[in-house]
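Values in this document were obtained by computation on a predicted structure and should not be read as measured data. Numbering of ligands and ligand atoms starts at 1, following listing order.
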Amino acid sequence: MKDISNYIGGTLVAPVNGQYIDNITPATGKVYSRIPDSGEADVAQAIAAAEAAFPIWSAMSAKERSNILLRISEGIAKRMDELAQAESVDNGKPLKLAMTVDIPRARDNFAFFATAILHDENAMHDMGKSGFNYTKRKPLGVVGCISPWNLPLYLFSWKIAPALAAGNCVVAKPSEVTPYTAFLLSEICIEAGLPDGVLNIVHGYGHTAGQAIVAHPATKAISFTGGTATGKTIAGIAAQQFKKTSLELGGKNANIIFADANFDDALRTSVKSSFANQGQICLCGSRILVHKSIYEKFRDAFVEKVKQLRVGPPNLDSTQVGAVVSEAHRDKIESYIALAKEEGGTVLCGGHRVTPEGEYANGYYLAPTVIEGLPAQCRTNQEEIFGPVVTIMPFETDEEAIALANGTEYGLAFSVWTQNLNRAHLVADALDVGIVWINCWLVRDLRTPFGGTKASGMGREGGFYALDFFTEPKNICIALPQQ
Ligand code: TXE
């Protein structure tokens, strides 16, 4: 059994208190490694190391920082198989998904921000004969990055890469549920020659290690992805210290299918947007809204396709839906399925556990579940379930579809399926949401603003939005001599 280490001041170290947390693989329900149960003392060491490294790292040229970050990207590429395997074991996601999405994207995150800093520009505001202003953007100092378990290395690197590229030093905490690839990243950073203390990775629980990062006066900004309730706690602590926060929180996304949609494309993609990563992506479309005139046809075809999804051990090539991330999370998802029934919903397919054979029999497998007949305002249609469960319901008019889509406290990412150009643009404009995908889902351009409205979060990640977040603008005003 492997005990993984914290990465502090450039070295791999044990937690100060010597305590560890069991790390369970959801595919079998068995403990397979142990994670440091870090606390304030470990975070204090990490922050001290980051503070010591900041003058060196921030003084490097963009080119020098870029070269080091590119080496990290290459290090991820070299260890692609090992990282994908670790991600799948830690999270329960199909190995194929980790190989094609998670780890390639972590590699790309580093490469993207490593090169973005070579192509940026700063503002100059001209006052004509009176003078001009130029704006410098300075790194903030030590920043905290806290990430969740659903896309572990993908989201961890999505925060760390822009923070480092902008010249900050980082204290980061991956989810205690899926820590392994973050640990492997520490090894990659050491091999890549990242100067000591520039990135520090502290493992442990959210309420201890995570909260210590947020509460420490030396962290100038917190970038967080995770649950909305946690986001609220973090925002409350950070606000007391006027700390910048970027919060990417939950979603209850609508997938709106109009009668004039390309039926086959909408159908195929809806299966993916509902159940990719066992439905554990904040961008998954968990409420499918279908125009009344095609409702029965779409519903029946959708359920037919969902029934064919193969649920099973993540390491099998044939598996399309793996295990959900933990026993507690499986229980939470099951409680929502029970609630949906109480609220009057009909389970069209799924709604039960799946038990593979042999060593996988105690893993956390759930059949992809489709529920209809629920009112829009019920809890099942309002709260984030974050599992392989979707609801489906009909609508009659464009206005009704928009109202249904906007009718939750969340506003992260909606999909709109129509071949009518005017409808596509008008509906997209009316949706109170951070991201709209028209005739597609999860098509990503890393330059675009990423984030949500309302309870889905605050601020935007991606491209120069992230680099802006991790820097402080300083305006310098030059007055020209007046005649
Ligand atoms: O997330 P948490 P959980 C949603 C989803 C899920 C629910 C809870 O609905 O069921 O959130 O998931 C750290 N101070 N999403 O409990 O707790 C924690 O250690 C500082 C949506 O796993 O928010 C982990 O590293 N940090 C989502 C990270 O926060 C704290 C992805 C996320 O954990 C902390 C995951 C604290 N007080 C869950 N408490 C998305 N938007 O992608 C916890 N953490």
Report task. Indicate whether atom 9 (O) of ligand 1 is within a distance of less than 4.0 angstrom of some protein heavy atom. Result -> yes
Query raised in the report: Please, which pairs that meet salt bridge (charged side-chain N to carboxylate O under 4.0 Å, His left out) have at least one residue in residues 178-187, sequence neighbours excluded?
Result: R79-E187
Report task. Show which atoms of ligand 1 fall inside a sub-4.0 Å distance from at least one heavy-atom site of L249. Result -> 41 (N)
**Report entry** Under 3.5 Å side-chain donor-acceptor pair for E383 and Y336
**Finding:** yes
Query raised in the report: Who's closest to atom 43 (C) of ligand 1 heavy-atom-wise, of T230, V325, T228?
Result: T230
Requested in this report: Distance to 0.1 Å, residue and atom name: give those for the protein heavy atom nearest to atom 3 (P) of ligand 1.
Outcome: W149 NE1, 3.7 Å
Report task. For H329, counting its heavy atoms only, list the atoms of ligand 1 lying under 4.0 Å from any of them. Result -> 10 (O)
**Report entry** Atoms in ligand 1 with a heavy atom of C282 nearer than 4.0 Å
**Finding:** 40 (C), 41 (N), 42 (O)
Result block: side-chain N/O donor-acceptor pairs under 3.5 angstrom for residues 222-232, not counting sequence neighbours:
unit_1: S223; atom_1: OG; unit_2: K159; atom_2: NZ; d: 3.1
unit_1: T225; atom_1: OG1; unit_2: K159; atom_2: NZ; d: 2.7
unit_1: T228; atom_1: OG1; unit_2: G250; atom_2: N; d: 3.3
unit_1: T228; atom_1: OG1; unit_2: A455; atom_2: O; d: 3.1

Query - Proximal candidate to atom 24 (C) of ligand 1 [heavy atom criterion; set P179, G452, S147, G206] - result: S147
Report task. Take every heavy atom of Q280, measure it against each atom of ligand 1, and state whether any distance is under 4.0 Å. Result -> no
**Report entry** Beyond-backbone contact of P179 with W149, side-chain heavy atoms, under 4.5 angstrom
**Finding:** no
Query raised in the report: Do you see a donor-acceptor pair shorter than 3.5 Å between the side chains of D90 and N23?
Result: yes
Requested in this report: Find out whether S274 and V306 are in side-chain contact, i.e. whether some heavy atom of one side chain is under 4.5 Å from a heavy atom of the other.
Outcome: no
Requested in this report: Go through ligand 1 atom by atom and flag the ones less than 4.0 Å from a non-hydrogen atom of F224.
Outcome: 23 (O), 28 (C), 29 (O), 32 (C)
Query raised in the report: Does G231 have a heavy atom less than 4.0 Å from any atom of ligand 1?
Result: no
Query raised in the report: Between E176, H207, K252, E384, which one has a non-hydrogen atom sitting closest to atom 18 (C) of ligand 1?
Result: E176
Report summary line: Numbered in order shown, the ligand 1 atoms found under 4.0 Å of a heavy atom of P148 are 31 (C), 35 (C)
Report task. Taking atom 33 (O) of ligand 1 as the reference point, report whether a protein heavy atom occurs under 4.0 Å from it. Result -> no
Query raised in the report: Aromatic rings F183 and Y180: how do their planes relate, parallel, tilted or perpendicular, breaks at 30° and 60°?
Result: perpendicular
**Report entry** Validation row: V290, R299 side chains within 4.5 angstrom (heavy atoms)
**Finding:** no
Report summary line: One finds that the ligand 1 atoms under 4.0 Å from a non-hydrogen atom of Q211 are 14 (N), 20 (C), 36 (C), 37 (N)
Requested in this report: Any atoms of ligand 1 less than 4.0 Å from a non-hydrogen atom of I146? List them with their elements.
Outcome: 13 (C), 20 (C), 25 (O), 26 (N), 28 (C), 29 (O)
Query raised in the report: Taking the inter-plane angle between the rings of H329 and F386 on a 0 to 90° scale, is it parallel (under 30°), tilted (30 to 60°) or perpendicular (over 60°)?
Result: perpendicular
Query - Interfacing atoms of ligand 1 (cut-off 4.0 Å, heavy-atom, G210) - result: 14 (N), 20 (C), 26 (N)
Requested in this report: Would you mind reporting whether Y7 and L194 have side-chain heavy atoms less than 4.5 Å apart?
Outcome: yes
